Amino acid sequence: MSKILEIEDLTVSFDGFKALNNLNFSMNAGELRVIIGPNGAGKTTFLDVITGKVQPTKGRVLFKGRNIKKIPEFKIARMGIGRKFQTPRVYLNLTVRDNLDLVSNQNKNVLSTLFGRANNNETRTVGGLLETIGLDTKANLSASLLSHGEKQRLEIGMLVAQSPDLLLVDEPAAGLTDEETENVGALLLSLAQSHSIIAIEHDMEFVRQIANDKVTVLHQGALLCEGKMDEVQNDPRVIEVYLGETPD
Amino acid sequence: MSNKTGVQIKKKKQRNKIIELGIITTLVIIMAIILPSIIPAFRLRLIGRFLSLAIVALGIDLIWGYTGLLSLGHGIFFALGGYALAMHLNLQIPEGQIPDFFNLYGVKELPWVWQPFYSLPITILALVIVPGIAAGLIGYLVFRNRIKGVYFSILTQAALLVFYNFFNGQQKIINGTNGLKTDSSRIFDLVVSSAGVQRTFYIITVISLVLIYLLCRWLTSGRFGRLLIAIRDDETRVRFSGYDPTGYKVLVFAISGAIAGIAGALYTVQTGIITPSIMEVAFSIEMVIWVAVGGRGTLIGAILGTMLVRLGQTFLSESFPEIWLFFQGALFLIVVTVLPDGIVGWWTSYGWDKLRSLLGLKPSLITYPSLVEDPDVQQERKEMSEQ
Ligand SMILES: Nc1ncnc2c1ncn2[C@@H]1O[C@H](COP(=O)(O)OP(=O)(O)OP(=O)(O)O)[C@@H](O)[C@H]1O
Ligand SMILES: [Mg+2]
């Protein structure tokens, strides 16, 4: 199976503090990978590097075999990486539909955005996505009126509208009710059928819901262990970093 | 369901468009045809000046209201447009002569920068393109380095000071502090300050304002406009969606600069003179105040704000010259504290509904989530009744 993402010896240091430390990671195309780790483990930084927001101090990131070093964020996004931020970031002053429409635009340079109109293909994508994320009745509402959970779903919809190969979602269940958490989980699982996904999460309940493939545990910027959910859950090192002491 | 609302929305949009077109046409008829025949020439000239200022306010609204970049340097582009037209008018003299002021400094030959301005078409082109390119260049340097927020404002103001000092120092080229007079010049063999020519400039100003307003409407209504709002609200998100914000910002700043250039040219010929003092910091800040008073990101607010502030200024400074400055300060404070979205923003979010409920009409959707108006609930209700 082909690798969609390979990360070799990745180190990121902020003024000497190593947020990521000699991290090695790889993932197959089509996989849904869950990354867990305590606060400050470097999970968000990890996504920052993959999306070009932060440049690695050392090591390299290969996306579909291509080194993404020094490629600006928007080009990486166009190569096929979509990212959802830790706090929902949608355009509050636009309607739900327009939020999706902006991202679904297939030609994102200035002139075609200025003179072009949404083609049938894009309109269909947006219509389908509205249904997928369960917001079709609210399509013409301003995004500022959505609830927190709806915003999370909208942002995930925006990622998909970009038709990326790799989706990066940072704590999609944070701050959601149990019901919304279920919704988001189901949404991710259905997206996993056609995308590669990296999901970062704290909520173990949620992780159990979505982690069919491997789970990766990060700790202090390095890889602690990797494996199926039940293996990882019972790994003494994982219990230690999560509970702060060695179980005897 | 979503199809149906889609059609409804389209219909409503179309109706609004027709209403708007009607309002614009009426206003144009009043401003361009009726007004010139009922008010004295000097008043008309004053209003023409205000309308020119409304044009630059539209440019400010594009870059500030929609794109979120507060420019404090639009005086530069305004002046570039003004000087371009003033230079052309100063060249309407018998062949072989050069404008009088050159004698003061012993200049015998027309400087090369003046040469292209013999031609009216080139001048008109230049008064749009030169400020546009200047803005585009400044914008490119600033945006490429991801400078935004307060730093952008400070940089534009610094650029303004640079231009101000430069223009003041160039006596041998553009008469330094004294500037260029246009009133006694001739155009098509008519004196620029004569009533007929002034009325023509006035009508050109009205038409330009409408055309530029429509241009701005077009720019801000489609995907492009929504992207500007997206850049204003969350530029990082825009980047991660595969857009490069730099190009968009440069283009909008350039357009905004070009618009300021047109405004400057129209203002100059209806003032009679342009001097570097047009690039004083206070004037560029005043432009921003007009937009804030009228309401950011509304376009119509930019025009309204400019007219209100300027008419108020004229009225008050004619009747009570000593209190005008206090009034302007107070106005700004009131807007910032009580009407943060300006007059138009207040009207659309509050005033309109108030008026409708006063007239006994049903209030339009304002609060959500309220159960009755929740789209999901409406949908369910409809499905129930269809069964
Ligand atoms: N720009 C920065 N400058 C300095 N330190 C930073 C920067 N960004 C992140 N860090 C540090 O790097 C470490 C890892 O941060 P990161 O945000 O990646 O953690 P995380 O695993 O996402 O945590 P959480 O679960 O709380 O979201 C933290 O200690 C953080 O303080
Ligand atoms: Mg994080």
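Per chain, numbering begins at 1; letters A, B, ... match sequence-line order. Small disclaimer: the values here were computed from a predicted structure and weren't measured. Hydrogens, waters and symmetry mates play no part in the numbers below; they use all other heavy atoms, side chains included.
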Could you tell me which portion of [X] (side chain, backbone, both or neither) has an atom closer than 4.5 angstrom to a non-hydrogen atom of chain B?
{"X": "A:Leu159", "value": "side chain"}
{"X": "A:Leu114", "value": "both"}
{"X": "A:Asn105", "value": "both"}

Greatest number of non-hydrogen atom pairs under 4.5 angstrom with chain A, of B:Arg239, B:Arg223, B:Arg226, falls to B:Arg223
Among the options B:Thr236, B:Asp233, B:Ile229, B:Asp234, pick out the one with the most heavy-atom pairs lying under 4.5 Å from chain A.
B:Asp234
Check A:Ile71, A:Leu166, A:Ile50, A:Ile7 against A:Phe63 for a side-chain contact (heavy atoms from CB on, under 4.5 Å) and give me the one that passes.
A:Leu166
Do the side chain of A:Gln162 and the main chain of A:Gly80 share a donor and acceptor less than 3.5 angstrom apart?
no
Side chain B:Asp61, main chain B:Leu299, donor-acceptor under 3.5 Å
yes
Interatomic distance, A:Leu187 atom CG to A:Leu189 atom CG [nearest 0.5 angstrom]:
9.0 Å
When A:Met79, A:Lys108, A:Lys75 are compared by non-hydrogen pairs under 4.5 Å with chain B, the top option:
A:Lys108
Greatest number of heavy atom pairs closer than 4.5 Å to chain B - which of A:Leu92, A:Val103, A:Asp98:
A:Asp98
With a 4.5 angstrom heavy-atom cut-off, which part of B:Asp244 approaches chain A: side chain, backbone, both or neither?
both
Less than 4.5 Å to any heavy atom of chain A: does that hold for the side chain of B:Leu227, its backbone, both, or neither?
both
Nearest atoms (heavy-atom pairs only) where B:Ser256 meets B:Gly59:
OG-O, 2.7 Å
Give a yes-or-no answer on whether the side chains of A:Thr95 and A:Asn140 include a donor-acceptor pair shorter than 3.5 Å.
no
Would you check, one step at a time, whether the test salt bridge (charged side-chain N to carboxylate O under 4.0 Å, His left out) holds for A:Arg89 with B:Glu235?
CA-CA 11 Å; A:Arg89 282 169 87 165; B:Glu235 187 173 340; over 6 Å; no
